[in-house]
Amino acid sequence: MTRAEHPVCMPDQLPRALEDRMHRLLRRSAEDRIVRLLFQLPSIDPLHWLAAQTLPVQFYWADRDRTLTVAAVGTLEQYEGMGIEPVRALEKRLHQADVGVRFFGGGCFDVQAARAAYWLPFGPWRFWLPRFELWRQGSRCWLACNLIPARDRDAEALSGSLSWPETLPAAPLPLPLDRIDLPDYRGWAHNVQQALKAFQQGKLEKVVLARQVCFTFGEPLDSLTLMQRLEEATPGCFHFYYQPEVGKAFLGASPERLFRRAEGQVWTEAVAGTRPRGQTEADDARLAAELLESEKDRREQYYVQQSILEELRPWCQTLEVDTQLSEMTLARGRHLYTGIRGRLHAQVPTATLLEVLHPTPAVGGYPRQEALAAIRDWEPFDRGWYAGPIGWIGAETAEFAVAIRSGLVDGTRLYLYSGAGIVEGSVPELEWAEIEHKISDFVNVLGLELRRS
């Protein structure tokens, strides 16, 4: 039966429908195979639905084009490790799964970096199969329930674990009591000067330096309300949310795709360089021309493009690049952009694409290993999942965003992260201002004004 042939099931009918289908399934099967039960529902906002759920592990994903939005809760299976091996393991597991089964997750920017205590609940690399997923495509909506017949025997207990709200309560967001920048401006300027010296010595061509901004509140921050406000303020972005336990969540609005794969093809992009949007049409046109004509920004973007092509070429039969450099235009900013498309060789695993593409020079630098070593030495904080890959994996399909423009909610603290590409000619004060602009989406949602520390 296709999705279109599923009768619409009202939320109050769902517990009985789920029990009936589970009982029929369990009577005839005791396999270790992953089984996916689908129920078509009236249109429901996945983020509102997620806010009503009590299962502690929660995930939200909305793609950049708003063609797919999914909220997921619970953990049926989980794969975790220090590198790409969990992805290889789950790809084998997908051979024993119904069509449409997907694992959600991601990983930290650098597994070799020292770990901060507030990032430990997220793990280094982690992918999991949710118990329930609420999917929305356009006006149509489905609930998916993932089961493993050999392990799932209690249909009644499973069917009663969901809630069905009509709206997400408009909880107010508190104002912070304190802000700490790490590094502060003096430390930031020192790091940029170290990078400029490394360029002169021929050790590096580009390095992406980041900052952590910590806000402290007098009460725990409602992370799903923050996610809702952030999504409203940032159209044209990937939106993601991962809560590994109550009170802790990683969320963001990223303009940048790491890659998408489907039907034997892979799509990725080289994104770099930043300018804000203008207040008037004339000002906006001036800023666009300034970015497209900037030798420094074009050089930064070129490193990203060339690195991606070098890494992808061995895994593709054909590889195509946009013939002209263009700009990616967002609500509050713009970037230089080049689209890249490839026809993959047969049986290239998604794990391999993750391994060769992460981190791109857009978040790490060029050459890769030298840039990563510099970041470990110079940055006085743990990036955690910031600038890592986040998304989903199915059988021969996957999509990942680069987890930039992101923040970590940890009880009464909010850690915000953003970075700037440093190349020859970079000016510390201008790069500091660029990061302030990048975190402004979060800051504006909180009702704050930007300041220089």
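Count residues from 1 along the sequence.
- The side-chain heavy atoms of Glu434 and Ser418, taken from C-beta on, include no pair separated by under 4.5 Å.
- Evaluated for a ring pair (Phe, Tyr, Trp, His ring centres under 6.0 Å) with Phe400, the options Phe259, Phe103, Phe238, Phe240 yield exactly one hit, Phe259.
- For the pair Arg102 and Glu91, the salt-bridge criterion is not met [side-chain N within less than 4.0 Å of a carboxylate O].
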Between Thr234 and Arg405, is a side-chain contact (heavy atoms from CB on, under 4.5 Å) present by the stated rule, with each step listed? CA-CA 10 Å; Thr234 53; Arg405 313 293 176 85; over 6 Å; no
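- The shortest side-chain heavy-atom distance between Gln112 and Arg376 falls under the 4.5 Å cut-off.
- In this structure, Gln324 places its CD atom where only 12 or fewer heavy-atom neighbours from other residues, nucleotides or ligands lie under 6.0 Å away.
- Within a 6.0 Å sphere centred on CD of Gln96, heavy atoms belonging to other residues, nucleotides or ligands number more than 12.
- The number of heavy-atom neighbours closer than 6.0 Å to CH2 of Trp378, taken from other residues, nucleotides and ligands shown, is above 12.
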For Thr360 and Ser307, run side-chain contact (heavy atoms from CB on, under 4.5 Å): C-alpha distance rounded to whole Å, both residues' side-chain angles, the deciding distance at 0.1 Å, then the answer. CA-CA 7 Å; Thr360 73; Ser307 176; over 6 Å; no
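- A distance of 10.5 Å separates CG of Leu90 from NE2 of His95, quoted to the nearest 0.5 Å.
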Passes side chain to side chain donor-acceptor pair (under 3.5 Å), Glu310 versus Tyr366? Steps please. CA-CA 12 Å; Glu310 290 171 11; Tyr366 188 83; 3.3 Å; yes
Worked verdict on Arg229 versus Glu232 for salt bridge (Lys or Arg N to Asp or Glu O under 4.0 Å): CA-CA 5 Å; Arg229 304 275 181 85; Glu232 292 170 353; 5.2 Å; no
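- Across His239, Arg257, Arg260, a single residue satisfies side-chain contact (heavy atoms from CB on, under 4.5 Å) together with Arg64, and that is Arg257.
- Between Glu205 and Tyr303, the side chains place a donor N or O and an acceptor N or O closer than 3.5 Å (distance only, hydrogens not considered).
- A salt bridge does not link Arg286 with Asp284: every distance from a Lys NZ or Arg NE/NH1/NH2 to an Asp or Glu carboxylate oxygen is 4.0 Å or more.
- Below 30°, between 30° and 60°, or above 60°: for Trp61 and Phe59 the angle between ring planes is below 30°, a parallel geometry.
- Of the charged side-chain nitrogens involved, none lies within less than 4.0 Å of a carboxylate oxygen, so that Arg413 and Asp410 do not count as a salt-bridged pair.
- Annotation: side chain of Phe217 is not in contact with side chain of Leu177 (no heavy-atom distance under 4.5 Å).
- We find that Glu263 and Arg343 are not joined by a salt bridge, their nearest charged nitrogen and carboxylate oxygen being 4.0 Å or further apart.
- Within the 4.5 Å cutoff, side-chain heavy atoms of Asp178 are placed close to those of Ile180.
- Arg277 places a side-chain N or O within 3.5 Å of a backbone atom of Leu330 that can act as its donor or acceptor partner.
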Taking it one step at a time, do Leu291 and Arg334 satisfy side-chain contact (heavy atoms from CB on, under 4.5 Å)? CA-CA 8 Å; Leu291 177 61; Arg334 50 171 35 95; 4.0 Å; yes
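- No more than 12 heavy-atom neighbours from other residues, nucleotides or ligands sit within 6.0 angstrom of CD on Gln279.
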Take Glu256 and Ile404, measure what side-chain contact (heavy atoms from CB on, under 4.5 Å) needs, and give me the verdict at the end. CA-CA 8 Å; Glu256 188 172 341; Ile404 55 176; 3.7 Å; yes
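- Judged purely by atom type and a 3.5 angstrom limit, Glu379 uses its side chain to pair as donor or acceptor with the backbone of Ala210.
- The existence of a salt bridge linking Glu290 and Arg298 is excluded, since no basic side-chain nitrogen approaches an acidic carboxylate oxygen closer than 4.0 Å.
- No donor-acceptor distance shorter than 3.5 angstrom exists from the side chain of Lys206 to the backbone of Ile422, with no hydrogens or angles considered.
- Heavy atoms from other residues, nucleotides or ligands lying under 6.0 Å from OH of Tyr302 number 12 at most.
- Of the residues listed (Phe250, Tyr60, Phe104, Trp128), the one engaging Tyr242 in a ring pair (Phe, Tyr, Trp, His ring centres under 6.0 Å) is Trp128, and it is the only one.
- Judged by distance alone, the side chain of His335 and the main-chain N or O of Ala272 form no donor-acceptor pair under 3.5 Å.
- With 3.5 Å as the limit, one finds a donor-acceptor pair spanning the side chains of Asn146 and Glu133.
- Between Val409 and Asp222 the shortest side-chain heavy-atom distance does not fall below 4.5 Å.
- Without hydrogens or angle criteria, Tyr386 side chain to Gly419 main chain gives a donor-acceptor distance under 3.5 Å.
- Between Asp322 and Arg341 there is a salt bridge, since at least one side-chain N of the basic residue sits less than 4.0 Å from a carboxylate O of the acidic one.
- Checked options Gln305, Arg275, Gln301; the residue passing with Leu336 is Gln301 (criterion: side-chain contact (heavy atoms from CB on, under 4.5 Å)).
- Between the side chain of Asp63 and the backbone N or O of Arg66 there is at least one donor-acceptor pair closer than 3.5 Å.
- For the pair Leu162/Leu143, a side-chain contact is recorded, criterion being any heavy-atom separation below 4.5 Å from C-beta on.
- The 12-atom threshold is not exceeded at CD of Glu281, counting heavy atoms of other residues, nucleotides or ligands nearer than 6.0 Å.
- Looking only at distances, no side-chain donor or acceptor of Ser440 sits under 3.5 Å from a matching main-chain atom of Val443.
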Yes or no on side chain to side chain donor-acceptor pair (under 3.5 Å) for Gln78 and Glu80, after CA distance, side-chain angles and deciding distance? CA-CA 7 Å; Gln78 181 168 290; Glu80 184 171 348; 3.3 Å; yes
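- Within the 4.5 Å cutoff, no side-chain heavy atoms of Asp110 are placed close to those of Ile375.
- The distance between the ring centers of Tyr185 and Trp188 does not fall below 6.0 angstrom.
- Between Arg332 and Asp441 there is a salt bridge, since at least one side-chain N of the basic residue sits less than 4.0 Å from a carboxylate O of the acidic one.
- Between the side chain of Gln53 and the main chain of Trp49, a donor-acceptor pair closer than 3.5 Å is present.
- At distances below 3.5 Å, not a single donor-acceptor pair connects side-chain atoms of Thr75 with backbone N or O atoms of Glu77.
- Ring orientation note: the planes of Phe381 and Tyr417 are tilted relative to one another, at an angle of 30° to 60°.
- Within the cation-pi definition used here (under 6.0 Å to the ring centroid, within 45° of the axis), Arg211 qualifies as a partner of Trp432.
- The backbone N or O of Val402 lies less than 3.5 Å from a partner atom in the side chain of Ser254, making a donor-acceptor pair.
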